[in-house]
Amino acid sequence: MSKSVLKALSTSALVALFTLPAAAQTLGLGRAALPEEIAAWDVAVQPDGTGLPVGSGDVFTGEELWVENCAMCHGDFGEGAGAYPMIAGGEGTLTAARPVKTVGSYWPYLSTVFDYVHRSMPFGNAQILSADDTYAITAYILYSNGLVDDDFELSNENFTDVVMPNAEGFFVDDRDTAEVPLFTGAACMSDCSPAMHITRRATDLQSTPEGAVTVFAPDRPTGVAANAAAPEGGEGAAPAPAVAPEPAPEPVQEAAAGPDPALVAAGEGVWRQCRSCHQVGEGARNATGPMLTGILGHVAGTREGFRYSGPMRDAGAAGLIWTAETLDAYLADPRAFMPGNRMSFRGLRDADERAAVIAYLQSVE
Amino acid sequence: MNDMSDDDLHEPADASRRAFLRTAGLAAGGAVIGTAAAAQTADPLITEVQDYASVTGDGVDAFPYGMPISHESDVVRRTVSWLTADPISSINFTPIHALDGTITPQGCAFERHHSGAIEMTKDDYRLMISGLVDRPLVFTWEDLQRFPRENHVYFCECAANSGMEWGGAQLNGAQFTHGMIHNMEYSGIPLRTLLAEAGVQTEGRWVYVEGHDASSNGRSIPLEKALDDVLVAFSANGEALRKEHGYPVRLVVPGWEGNMWVKWVRRIGVTANAVESREETSKYTDMMPDGRARKWTWVMDAKSVITAPSPQKPITHGTGPLVISGLAWSGRGAITSVDVSLDGGVNWQTARLANPGQKFALTRFYLELQWDGAPMLLQSRATDETGYVQPTKDALRAIRGLNSVYHNNGIQTWAVYENGAVENVEVGA
């Protein structure tokens with residue numbers, strides 16, 4: 001028996017406790033993993049900080065990285081976009097009818113955030129973020145959840161000082177004591193309950209994919225209450241809460257020649273998509289995006305006190321003025337219109353919506 | 001001739017056949033029980049020579065790897081698009097309503113990816129064992145082929161199977177309510193063999209298993225389970241794993257939630273503590289009514305479902321002999337009995353197990369009866385070898401509330417109406 005095999009046997013006491021083959025000898029297959037190989041693949045980070053790489057990043061840097069890499073799915077402030085997960089918010093909702101499980105409201109360990117962002121994000125372009133990038137984004141996620149101030153810098157040194165709000169919100173599976181005794185024993189075979197009747201019906205929800213059910217109950221059969229209580233929509237499969245299909249947005253009225261009141265009113269509705277970043281009207285000021293009061297006729301990239309991207313400043317210097325036409329082109333596809341600009345909004349595909357929101361902006365000048 | 005044009009070429013014969021079937025159906029509906037219905041006209045499928053009885057069929061190499069015949073094209077995985085934000089990190093469902101026996105064909109076994117199904121070659125495949133081991137090792141595909149291997153049949157059920165039904169009956173079909181499950185015969189290496197090769201150090205208490213895909217889907221598994229029955233598998237149902245199930249190598253964790261069956265296994269790290277990854281903290285934890293959550297809920301509790309009749313498999317043959325068929329399983333051990341109720345759980349009768357239950361594998365059950373055409377509230381109830389009896393949904397809700405998402409093993413009810421249509425419902429006294 002080789003020396004390594006003897007060592008394996010002597011140091012694998014725990015292994016030997018479990019039914020190893022009688023001749024618990026190794027086959028000598030495989031090869032030694034090299035340190036640089038282990039470093040490349042063994043990147044898991046644990047709650048006690050085990051596995052954290054050396055590095056640091058601050059909220060400000062994290063915000064820039066977030067807008068560039070994360071906001072298109074998770075929203076500028078982690079509020080989520082489409083059905084992608086919310087990252088921020090949800091405090092105090094865990095006992096609500098619809099809990100909002102975010103990093104701030106639910107995740108017990110900060111290490112999980114770092115580990116997952118570093119290993120698996122951005123979705124579709126994973127493993128592009130350096131350790132410093134990941135510290136910065138993690139810091140921004142803490143900031144967007146109101147857990148640190150905007151001058152916070154996260155590093156491997158202070159990482160384990162951060163305690164997540166829901167750190168104590170988990171307990172180890174207790175089904176063996178809380179449930180199994182209740183559900184174990186002889187099963188009732190007859191007269192187990194009063195007569196049963198239908199209380200809820202899947203067809204009330206209309207959430208089954210079309211074409212999947214070959215024969216549908218054509219009529220309400222007799223004996224079934226026509227207005228049996230419909231259930232609340234169940235929560236979805238693992239990654240995202242089940243979201244009932246959203247009703248189509250209210251159609252926006254046809255664009256009219258001028259900013260007529262109906263169009264302005266429609267534009268105010270469209271504006272809801274903008275106002276998490278932009279302010280207009282009385283008391284408006286720069287926020288995530290520049291203040292937009294009087295934007296029509298204004299030179300691009302020149303609102304005082306706002307930190308514009310280079311391309312936006314350059315466009316203004318080159319003479320770009322926001323008119324109904326230029327705003328329409330910009331809003332149709334912000335990234336294509338001006339590559340490298342900082343607005344993370346994907347744009348308004350619907351020309352009527354663009355006309356409406358431009359009319360609204362004109363109305364608040 | 002086996003293609004769809006067969007119908008067009010035989011329109012008159014086909015029309016008469018349909019007329020015949022309608023007549024036969026009515027006869028069966030006429031409460032002639034125990035006697036074969038009498039045909040009123042001769043069946044042209046019998047009296048006329050059919051093309052397929054005259055000309056030749058396909059040659060042996062027409063399909064070097066065969067697909068199901070086109071007439072079964074509706075027996076496919078289906079997704080529910082509103083469940084997830086995109087189809088990449090998403091789920092689809094096994095058409096359990098249309099299958100019989102217990103083995104799930106790989107081609108229609110449900111898929112769950114967290115970053116899409118990646119394509120690897122056996123040549124490019126590497127498996128690393130690292131962490132608290134004496135000898136961190138790298139294995140190639142060929143290395144793995146040289147270890148002693150075992151064969152076992154196990155079910156794999158997503159923890160979220162039936163998760164959309166916590167709030168009430170929602171999706172109309174066994175495929176959607178219970179189809180995040182498959183059952184295959186795996187060939188692979190016991191994980192304990194590979195761990196012994198690397199030499200687990202005494203501080204090691206867990207293994208952290210992650211995949212090659214972008215999601216990594218890392219999960220922590222207690223060393224005791226890793227050394228017990230976990231397999232590093234490369235074949236299912238006799239052939240290589242399909243891409244969507246982790247080709248070329250996946251983990252098999254018998255009886256435990258499907259998310260732990262890491263696909264495209266890249267690394268198995270021995271650790272002193274659980275890593276507490278995304279998939280074991282923010283997901284796959286079960287919210288309780290007090291706002292706290294159970295974690296490490298690995299075991300799949302005993303569960304069953306009637307696959308036919310079910311909303312996608314209505315009764316089309318009228319009254320008389322009816323085969324009720326279903327599946328039962330438990331992550332705690334073998335299924336020992338299944339009961340079926342026709343009245344929503346008031347009275348029960350014992351179903352017939354097609355074969356004795358096997359540990360951590362699907363069990364097929366049948367109940368044959370004479371259906372008189374009366375509406376039924378069909379339920380099935382599984383009992384496993386530990387004596388655990390599948391509870392009602394309401395019994396689970398009384399403990400877990402409505403926001404648990406995962407591990408819904410409550411009793412399913414199908415309403416069967418006079419016309420044979422079937423619907424997913426819930427019942428109350």
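In this text the structure is predicted, and so the values were computed from the model without any measurement. Only heavy atoms go into these numbers, but all of them, side chains included; no hydrogens, no water, no symmetry mates.
Residue A:Thr93 holds its OG1 atom at 9.5 Å from CG of B:Asn403, rounded to the nearest 0.5 Å. Interatomic distance, CG of A:Asp42 versus CZ of B:Arg266, reported as 9.5 Å (0.5 Å rounding). Within the model, atoms CG of B:Leu402 and CZ of A:Arg98 stand 10.5 Å from one another, a figure rounded to the nearest 0.5 Å. Note that CG of B:Asp134 and OG1 of A:Thr26 are 10.5 Å apart. Values are rounded to the nearest 0.5 Å.
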How far apart are the C-alpha atoms of A:Phe183 and B:Gln390, what are their side-chain angles, what is the distance that settles it, and do they pass the side-chain contact (heavy atoms from CB on, under 4.5 Å) test?
-> CA-CA 7 Å; A:Phe183 301 150; B:Gln390 182 183 3; over 6 Å; no
Give the C-alpha distance, both sets of side-chain angles, the deciding distance and a yes or no for side-chain contact (heavy atoms from CB on, under 4.5 Å) between A:Met189 and B:Gln349.
-> CA-CA 7 Å; A:Met189 294 302 286; B:Gln349 46 194 312; 5.5 Å; no
Decide yes or no on salt bridge (Lys or Arg N to Asp or Glu O under 4.0 Å) for B:Arg294 and A:Asp174, but give the supporting numbers first.
-> CA-CA 8 Å; B:Arg294 283 178 177 154; A:Asp174 66 345; 2.7 Å; yes
side-chain contact (heavy atoms from CB on, under 4.5 Å) between A:Val45 and B:Val275, worked out = CA-CA 7 Å; A:Val45 179; B:Val275 167; over 6 Å; no
With side-chain contact (heavy atoms from CB on, under 4.5 Å) as the test, would you mind laying out the steps for B:Val299 and A:Arg175 before giving the verdict?
-> CA-CA 10 Å; B:Val299 175; A:Arg175 283 176 293 170; 3.9 Å; yes
Evaluate salt bridge (Lys or Arg N to Asp or Glu O under 4.0 Å) for B:Arg332 paired with A:Asp176, printing each intermediate quantity in order.
-> CA-CA 11 Å; B:Arg332 298 180 192 275; A:Asp176 279 350; 3.0 Å; yes
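With a 4.5 angstrom heavy-atom cutoff, B:Arg400 touches chain A only via side-chain atoms. In this structure, chain B has a heavy atom under 4.5 Å from the backbone of A:Ala195, while its side chain stays farther away. With a 4.5 Å cut-off on non-hydrogen atoms, A:Tyr116 touches chain B through its side chain but not through its backbone. When heavy atoms are compared at a cutoff of 4.5 Å, A:Trp41 approaches chain B by way of both its backbone and its side chain. When heavy atoms are compared at a cutoff of 4.5 Å, A:Pro108 approaches chain B solely by way of its side chain, counted from C-beta outward. No part of A:Leu34 comes within reach of chain B, as not one of its non-hydrogen atoms sits under 4.5 angstrom from that chain. Within the 4.5 angstrom heavy-atom criterion, no atom of B:Thr140 approaches chain A. Using a 4.5 Å cut-off between heavy atoms, A:Ala96 touches chain B through its backbone atoms (N, CA, C, O) alone.
Residues B:Ala214 and A:Ala126 share a closest heavy-atom pair of CB-CB, 3.8 Å. Heavy-atom minimum distance, A:Ile38 versus B:Ser130: CG2-CB, 4.5 Å. Between A:Ala44 and B:Arg267, the shortest heavy-atom contact is CB-NH2, 3.9 Å. A pairwise comparison of heavy atoms in A:Leu27 and B:Pro148 identifies CD1-CD, 3.8 Å as the closest pair. Residues A:Leu29 and B:Phe139 come closest through the heavy atom pair O-CE2, 3.4 Å. Between A:Thr112 and B:Glu276, the shortest heavy-atom distance links the atoms OG1-O, 2.7 Å.
Between A:Glu37 and B:Arg126 there is no salt bridge, since none of the side-chain N atoms of the basic residue sits less than 4.0 Å from a carboxylate O of the acidic one.
No donor-acceptor pair under 3.5 Å is formed between the side chain of B:Glu423 and the backbone N or O of A:Arg201.
Side chains of B:Lys295 and A:Asp173 form no contact here, defined as non-hydrogen atoms less than 4.5 Å apart. Taking 4.5 Å as the limit, some side-chain heavy atom of A:Leu182 sits within range of a side-chain heavy atom of B:Ile399. Within the 4.5 Å cutoff, side-chain heavy atoms of A:Phe171 are placed close to those of B:Met288.
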